[in-house]
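So the structure is just underneath, and the comments pick up after that.
Chain letters run A, B, ... following the sequence lines, proteins first, then strands; residues in each count from 1.
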Amino acid sequence: MNKLVAIVGPTGVGKTRLALRLAQKYNGEIVNADSRQIYRFMDIGTAKPTKEEQALVPHHLIDIINPDEDFSLATYQQLAYKAISDIQSRGKLPFLVGGTGQYVWAVLEGWLVPKVPPDIEFRRNLEQKAEDNADELYQELNRLDPVAARKIDPRNIRRVIRALEVSRQKPFSQAVGKAPPSFASSIIGLTMERKELYRRVDVRIDEMIRHGFVDEVKKLIGMGYNLTLPAMSSIGYREIGQYLQGKMTLEEAVYKMKTGTHRFIRHQYAWFRLKDERIRWFDTASVSVEELEEVVKHG
RNA sequence: GCCGAGGUAGCUCAGUCGGUAGAGCAGUAGACUGAAAAUCUACGUGUCCCCAGUUCGAUUCUGGGCCUCGGCA
């Protein structure tokens, strides 16, 4: 059976470094599972592996679209499966590396994502409707698909609208499922004491600023990428963008970038749970490379 | 030194016409199937600067002290 090694965990723990090391040693290739590193021109703020690092081992799904192009879970999943089977067919070992829980599990668990592409106009319409009567939308979902309605918070308009969008064709709750992929996965989780992790990402953010992050955002805006784009709503890009528009000081923007990253880390731990037995957790402070190599060698 | 403003949650501040207090942010937990670094939900915490007085009762009123920030010297 084909194999795959996943490396997961919160931002800033050292996934990139470890992946490079293991992939080099075990004839591997890296498949990115970070929802922001797929965008071109967004390098500093996404902590994307450098060109030099990317040259050490083949990388997939990095820099694949422009910041104003549509992207989604379904697209990601298709591309990831393609990359994985391609790597395996060449006799090499794929390393799925990234902190986007939704993407990682969609690949590892084989989610059946409803084949209903986003309908922008439909969404816009309902969003408008929701502004004065959100409950009406929820009631409609309740009529079309009571099972889904029970699981979705009426106040989470975005999810209500997506469920309605799918349910026009088939009840949302029946359109989802899982079909485990045909490869065996070993999942390595990297973790670190929370306070220390916060401290490290704070330092990393200060470094980003020193290394020209503000210019990176300025350049993106100059290229016409509006702050309302999903890509530009990424942590840091949003705040620095607002600073560039004169809406806050640089100091405030950096502070918000840091606390936003802390919140993000907490959310990542909701996707990658320390008590999830499928994940082999290692504390970066104390783990030895040999232990991790064992996991790759023997699964 | 004098005049003014203020000292309440980790931070910024609101408030109590005297009955021991509350928002935002931060923090913590949860949801998540074509926007996911998005979106949504839930939850702490307090010698109300200190001392004395008045009062059944003071964070609130009175007096004194300490500290901070403005202005004048």
Side-chain angles (χ1 to χ4, degrees), chain A residues 10-12 32-39 42 45-48 65 67-80 98-120 122-124 126-127 130 134 138 145 148 150-179 194-195 197-198 201-202 205 208 227-241 248 252 255-275:
Chain A
T11 189
N32 167 248
D34 180 304
S35 68
R36 304 295 144 157
Q37 293 183 3
I38 57 166
Y39 295 112
M42 296 174 66
T46 62
K48 197 180 281 174
I65 58 168
D68 60 349
E69 287 181 72
D70 289 332
F71 197 72
S72 67
L73 172 66
T75 314
Y76 175 78
Q77 195 194 32
Q78 288 160 21
L79 294 173
T100 303
Q102 193 197 35
Y103 287 6
V104 168
W105 292 120
V107 169
L108 298 186
E109 298 187 325
W111 290 3
L112 300 169
V113 182
K115 292 203 168 25
V116 180
D119 180 335
I120 305 301
F122 175 81
R123 289 183 181 189
R124 229 195 320 261
L126 294 198
E127 270 162 28
Y138 185 71
D145 186 352
R150 220 171 305 135
K151 285 200 233 170
I152 296 172
D153 192 307
R155 290 164 293 196
N156 197 338
I157 306 295
R158 211 174 256 205
R159 293 229 294 134
V160 171
I161 290 177
R162 172 58 185 163
L164 281 169
E165 188 176 64
V166 172
S167 300
R168 286 190 296 175
Q169 299 186 21
K170 184 183 186 180
F172 183 72
S173 59
Q174 288 165 41
V176 300
K178 286 175 189 173
R194 190 70 60 91
K195 272 208 170 120
L197 185 54
Y198 285 177
V201 297
D202 287 353
I205 287 167
M208 286 175 179
L227 289 184
T228 55
L229 291 167
M232 294 298 276
S233 72
S234 308
I235 296 166
Y237 292 86
R238 181 181 42 212
E239 289 81 6
I240 296 299
M248 60 176 84
E252 283 170 324
Y255 174 75
K256 288 194 169 186
M257 191 172 165
K258 287 175 180 173
T259 57
T261 303
H262 299 173
R263 200 178 317 120
F264 175 46
I265 286 169
R266 277 178 244 133
H267 288 165
Q268 287 178 303
Y269 275 106
W271 283 101
F272 307 120
R273 290 181 187 292
L274 294 172
K275 51 182 191 281

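Every residue meeting the side-chain hydrogen bond (donor to acceptor under 3.5 Å, both in side chains) condition with Asp153(A), not counting sequence neighbours, appears here in chain and number order: Arg155(A). Remark: Arg263(A) engages no residue in a salt bridge (Lys or Arg N to Asp or Glu O under 4.0 Å) (not counting sequence neighbours). Shown here are the ring pair (Phe, Tyr, Trp, His ring centres under 6.0 Å) partners of Tyr103(A), two or more places apart in sequence or in another chain: Tyr76(A). Not counting sequence neighbours, the partners of Lys48(A) by the salt bridge (Lys or Arg N to Asp or Glu O under 4.0 Å) test are Asp43(A), Asp63(A). Residues satisfying the side-chain hydrogen bond (donor to acceptor under 3.5 Å, both in side chains) criterion with Thr75(A), sequence neighbours excluded, are Ser72(A).
Under the Watson-Crick or G-U wobble criterion, with both distances below 3.5 Å, rU45(B) has no partner in any strand shown. Within the shown strands, rC67(B) is the pairing partner of rG6(B) under the Watson-Crick or G-U definition, both distances less than 3.5 Å. Across the strands present, rG24(B) finds its partner in rC11(B); the criterion is a Watson-Crick or G-U wobble pair with both atom distances under 3.5 angstrom. Base pairing analysis places rG19(B) opposite rC56(B); the two distances defining the Watson-Crick or G-U wobble pair are each below 3.5 Å.
Within 4.0 Å (heavy atoms only), Asp70(A) reaches no atom of the nucleic acid at all. Residue Thr11(A) is classed as having no contact, given no heavy-atom separation below 4.0 Å to the nucleic acid. At the heavy-atom level, Glu127(A) lies under 4.0 Å from base atoms of the strands shown. Contacts of Leu112(A) with the nucleic acid, taken as non-hydrogen atoms under 4.0 Å apart, include base atoms. Residue contacts for Phe71(A): at a heavy-atom cut-off of 4.0 Å it reaches the sugar-phosphate backbone alone, with no base atom in range. Residue contacts for Trp105(A): at a heavy-atom cut-off of 4.0 Å it reaches no nucleic acid atom on any strand shown. In this structure, Ala270(A) reaches the bases: a heavy-atom distance under 4.0 Å links it to at least one base atom across the strands shown. Thr100(A) comes within contact range of the sugar-phosphate backbone alone, with a heavy-atom separation under 4.0 Å but no base atom that close.
The distance between atom CZ of Phe172(A) and atom C1' of rU33(B), rounded to the nearest whole Å, is 6 Å. Atom NZ of Lys151(A) is separated from atom C1' of rU33(B) by 10 Å (rounded to the nearest Å). The nearest whole Å value for the distance from the CZ atom in Arg150(A) to the P atom in rA31(B) is 18 Å. Summarising the geometry, the separation between CD on Glu252(A) and P on rU12(B) is reported as 14 Å, rounded to the nearest angstrom. Between the CD atom of Gln37(A) and the P atom of rA36(B) there is a distance of 14 Å, given to the nearest Å. The interatomic distance linking Gln268(A) (CD) with rU39(B) (C1') rounds to 16 Å, in whole Å. Spacing between atom NE2 of His267(A) and atom P of rA42(B) amounts to 13 Å, rounded to whole angstrom units. The interatomic distance linking Arg162(A) (CZ) with rA31(B) (P) rounds to 21 Å, in whole Å.
Mapping Gly177(A) and Tyr269(A) onto RNA chain B by nearest heavy atom places Tyr269(A) closer to the 5' end of the strand. Where Val176(A) and Lys275(A) each meet RNA chain B at their nearest nucleotide, the meeting point lying more 5' is that of Lys275(A).
Side-chain atoms of Pro114(A) and Arg162(A), non-hydrogen and from C-beta on, do get closer than 4.5 Å to each other. Under the 4.5 Å side-chain criterion, counting only non-hydrogen atoms from C-beta, Arg168(A) is not in contact with Leu164(A). Side-chain atoms of Phe272(A) and Val104(A), non-hydrogen and from C-beta on, do get closer than 4.5 Å to each other.
A donor-acceptor pair is defined here as one N or O able to donate and one able to accept, closer than 3.5 Å; such a pair exists between the side chain of Gln77(A) and the backbone of Trp111(A).
Using a 4.0 Å cut-off, some side-chain N or O of Tyr103(A) falls inside it from OP1 or OP2 of rA36(B). Contact annotation: Arg159(A) side-chain N/O to rU41(B) OP1/OP2 distance is not under 4.0 Å. Residue Arg36(A) has no polar side-chain atom (N or O) positioned under 4.0 Å from OP1 or OP2 of rA35(B).
Distance check on atom C1': rC40(B) versus rG70(B) gives 44 Å, rounded to whole Å. Between rC51(B) and rC67(B), the distance separating the two C1' atoms is 15 Å to the nearest Å. Using atom P as the reference point in both rU54(B) and rG63(B), the two lie 15 Å apart (nearest Å). Separation of the P atoms belonging to rU12(B) and rU68(B) is 16 Å when rounded to the nearest angstrom. Across rC69(B) and rU8(B), the matching P atoms stand 14 Å from one another, rounded to whole Å. Nucleotides rG4(B) and rC43(B) place their P atoms 45 Å apart, quoted to the nearest Å. Nucleotides rA9(B) and rC3(B) have their C1' atoms positioned 33 Å apart, rounded to a whole Å. When the C1' atom is compared between rG19(B) and rC32(B), the two are found 46 Å apart, to the nearest whole Å.
When distances are taken from the side chain of Arg273(A) to each of rU39(B), rG34(B), rA31(B), the shortest belongs to rA31(B). Distance from the side chain of Trp271(A) is smallest for rA36(B) among the nucleotides rU33(B), rA36(B), rG34(B). Across rA35(B), rA42(B), rU39(B), the shortest atom-to-atom separation from the side chain of Arg155(A) is found for rA42(B).
Counting atom types as modelled, Gln102(A) pairs no side-chain N or O with a base atom of rA31(B) as donor and acceptor under 3.5 Å. For rU41(B), its base never sits under 3.5 Å from the side chain of Asp153(A) at any donor and acceptor pair.
Using a 4.0 Å cut-off between charged nitrogen and carboxylate oxygen, Glu127(A) and Arg124(A) do not count as a salt-bridge pair.
Within 6.0 Å of the CG atom in Asp119(A), the count of heavy atoms belonging to other residues, nucleotides or ligands exceeds 12.
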Using a cutoff of under 3.5 Å, can you pull out all pairs of nitrogen or oxygen atoms linking the protein to nucleotides 25-28 of chain B, with atom names and distances?
residue: rA26(B); atom: OP1; partner: Arg263(A); partner atom: NH2; Å: 2.4
residue: rG27(B); atom: OP1; partner: His262(A); partner atom: ND1; Å: 2.9
residue: rG27(B); atom: OP1; partner: Arg266(A); partner atom: NH2; Å: 2.8
residue: rG27(B); atom: OP2; partner: Arg266(A); partner atom: NH2; Å: 2.4
residue: rG27(B); atom: O5'; partner: Arg266(A); partner atom: NH2; Å: 2.8
residue: rU28(B); atom: OP1; partner: Tyr198(A); partner atom: OH; Å: 3.3
residue: rU28(B); atom: OP2; partner: Tyr198(A); partner atom: OH; Å: 2.5
residue: rU28(B); atom: OP2; partner: Arg266(A); partner atom: NE; Å: 2.0
residue: rU28(B); atom: OP2; partner: Arg266(A); partner atom: NH2; Å: 3.2

